[in-house]
Amino acid sequence: MAEVALTMTSVRSASKSPGSPLQYIKGIGPKRSAALEAMGLRSVKDLLYYFPRDYLDRRTIVKIADLRRWISGENAGRKESVTVIGEVFRKEARRSRRSNRIVLFITLKDDSGYLQCVWFEGVQWYKDAFEVGELLAVSSIPQADKLGRPQFVHPEFDRLRGALEEDEPDWGKLFNTGSIIPKYPSTAELQKIGLDSRGFRRILRQAVSRHIDEIGDPLPEEIKRLANLVDLRRAIASIHFPANPADLEAARRRIKFDELFYFQLMLALRKRALKTQMPGISFRVESQLARQLVDSLPFQLTSSQRKVIKEITEDMKSDKPMNRLLQGDVGSGKTIVALLAMLLAVDNGYQAAFMAPTEILAEQHARTLRSFLGQLPVRFRLLIGGQRKKLREEILEDIRSGGAQIVVGTHALLEQNVEFAKLGLVVIDEQHRFGVLQRSELRQKGTNPDVLVMTATPIPRSLALTLYGDLDVSVIDELPANRKPIKTAVRLEEQKQKVFDFVREEVKRGRQAYIVFPLIEESEKVDLKAAVAEYERLQKEVFPEFRLGLLHGRMKTEEKDEVMSRFKDGAYQILVATTVIEVGIDIPNATVMIIENAERFGLSQLHQLRGRVGRGADQSYCILIADYAWFDRRRKGEDGQTVLVEKQNARKRLETMVETTDGFRIAEVDLELRGPGEVFGTKQSGLPQFKLANLVRDGELLTLARKSAFRLIDSDPHLRLPSNAGLRQEFERQYAQLLNFASVG
Ligand code: ADP
Ligand code: MG
């Protein structure tokens, strides 16, 4: 199932495109058609799907004389970009007295006045680029110059050269009639052969007026009606040449819907194929072991935990293979749920595998299981890299013979020589760290075992439907009752002494603390050295009265294990660590989390780290030490914009941490700041690349598309009905190779 998602983008771009060849269009000769083909545009139909990157909208076109309103009038302070259309009247590069740099001034003129545009960078290039007398559209947020007159600084611009040719709109008229003009993406190469924004405008005008019917509209009327969608031909025509803003909005909505719909259709087919074509294991026997375990727990399961356990056991008892995602914020108690499911497998005579993303975590799971299982007669094994050869052989044999009933491990479990006697259940912890690919690899080690994927990354629903669209989802949406919300604060470098005093107080009261240092790949060596040096300093100079442990990824497995168990036993009061402790570590007595250089961490990483405390009944604290100046220092020399954005983002990340402990809210902000591709790593997550649809912002439309797609597959599982023929064809075109997996027809 994973392969599908991974190959998707390549499949789509390699797909064949029926329809008229490009050269049917006047103005596209061999040269241009070759250039377009190199971009993946092979037919007129492909060309019609080459969408504008932006529009010139009359609503934002302003007469120069009216710009004053943005400086001192009713629009002052409104940070909105406006557009002016004017002729280049004068160009002048001169040295600025203030900055002693060469600055370019270009004066534009329209029938109401003159506007100065200023460039500080690329002066020579812009000076050569514009000709006196040429028509430009410039867009910017109006600013005031020294004398309080409006000016544009580094405006965006479009050249409207040749605007009055017959197949181009008359700009004067346009200004009054109010059409919206598309702006197309182009490159220097394309511009050389006349395919600048205007060039594209010309060929697209033809493509739309003469060939729009090649598009057709495969979507069933019923779906269009229910989802309130415009016809596809109309949408494609309008996305290029919208009559008005509402028309454009309807067009965008339709096209986004299609992108989401075909993707959901693929997921619906896959899900159906998994459910119907491969019989799974039907676990029949009630689990005595699970009952005993629940009775022996020192706490009551939350009602959320009980609800998801019920969902999972129902799946396991059915003869359809389980594909379930268990979602629950950090500390919500997923491990015990997984263990109960594993015991059900064991009591039915099957083996269960529990896969964790890191060795530290696998070891911790093994420790947890050991303590939960206590006296229960269950044999379990830990398999990780770096175990001695003899021990490893022994473990492998134990797995092969079926002696090991539960096997906990890292991706070492995926290796060729790991053979299970009778694998019935696979649990994958912290899914987002694994590629989707690994999910299916582990599955292949059994005869269609049930699969439970657990994640602590709370994913907004819309995204979960996409990332895990072929899985059923269970959510633990409450924390155990004894938890107090963690108190979070940001402190500056200069205030660290006070922070350490606070740590000292807490430790004296019998609590434990983490002090975490960032370790990022690009500067790993330096970071590690800094962390180790700081550990030594903390031990000697700051906390000589306590024992401090050090934990980082470069240590040997046994060393790590040793440090962790000492911290757990309370032999260490403070654990200095790099981000290796990010996921899963569970030590309820640790109540203080200090994060150094917190501005360098991502939001979900901060949330995960904070989740290491607040796991018991005591009040916990998370203190984020920030050095705002760090960004300025590190990024100096690069372009100023990035620094600013990153600095703002860092601030937003820290503020969000202070404001909320709600994992869903945090995930949302994270997605806003970084986008889904970054958050999940597009390649490994198998997220599709849409042209228009945005998984975060278009959640509602996604839900609609998903419902429509799943309903359609329910009523016509193989898309065989004549009324769905067009749909099937379009689907095959987009997702050609994936059909094998989905087993349509
Ligand atoms: P996560 O969902 O982050 O993996 P864990 O499974 O590690 O969370 O659970 C966090 C802590 O809460 C563990 O110490 C676990 O034993 C404890 N715990 C789990 N369920 C409950 C419960 N219902 N009541 C109280 N404590 C619980
Ligand atoms: Mg966990």
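None of the values given here were measured: they were computed from a predicted structure. Both ligands and their constituent atoms are indexed starting at 1 by order of listing. What's counted below: heavy atoms across the whole structure, side chains too, no hydrogens, waters or symmetry copies.
The aromatic ring centroids of Tyr535 and Phe517 lie 6.0 Å or more from each other. Between Phe502 and Tyr621, a ring centre-to-centre spacing shorter than 6.0 Å is recorded.
Looking at His365, Arg615, Arg483, it is Arg483 that brings a heavy atom closest to atom 12 (O) of ligand 1.
Each of the following atoms of ligand 1 lies closer than 4.0 Å to a heavy atom of Gln300: 22 (C), 23 (N), 24 (N). The atoms of ligand 1 that sit less than 4.0 Å from any heavy atom of Thr302 are 23 (N). Atom numbering of ligand 1 starts at 1 in the shown order; those under 4.0 Å from a heavy atom of Leu301 are 23 (N). Of all atoms in ligand 1, numbered sequentially from 1 with element shown, those under 4.0 Å from a heavy atom of Pro480 are 21 (C), 22 (C), 24 (N), 25 (C), 26 (N), 27 (C). Which parts of ligand 1 touch Ser332 is read off a 4.0 Å heavy-atom cut-off, strictly below it: atoms 2 (O), 8 (O). Of all atoms in ligand 1, listed by their number and element, those nearer than 4.0 Å to a heavy atom of Phe372 are 16 (O).
Contacts classified as ring-ring contact (aromatic ring centres under 6.0 Å, His included) and involving residues 295-349 (residues at least two apart or in different chains) are not found. For residues 342-358, no pair satisfies salt bridge (Lys or Arg N to Asp or Glu O under 4.0 Å), with sequence neighbours left out.
In this structure, the separation between CG on Leu551 and NZ on Lys560 is 7.5 Å, given to the nearest 0.5 Å.
Counting heavy atoms closer than 4.0 Å to ligand 1, residue Gln305 contributes side-chain atoms (C-beta onward) but none from N, CA, C or O. For Thr335, heavy-atom contacts with ligand 1 shorter than 4.0 Å involve the backbone as well as the side chain.
Inclusion of Gly331 in the set of residues having an N or O under 3.5 Å from an N or O of ligand 1 is warranted. Any N or O atom pair closer than 3.5 Å counts here, and Gly333 shares at least one such pair with ligand 1.
Side-chain N/O atoms of Gln264 and Arg706 include a donor and acceptor closer than 3.5 Å.
Classification of Glu314 and Arg324 as a salt-bridged pair fails, no side-chain N sitting under 4.0 Å from a carboxylate O. Of the charged side-chain nitrogens involved, at least one lies within less than 4.0 Å of a carboxylate oxygen, so that Glu596 and Lys496 count as a salt-bridged pair.
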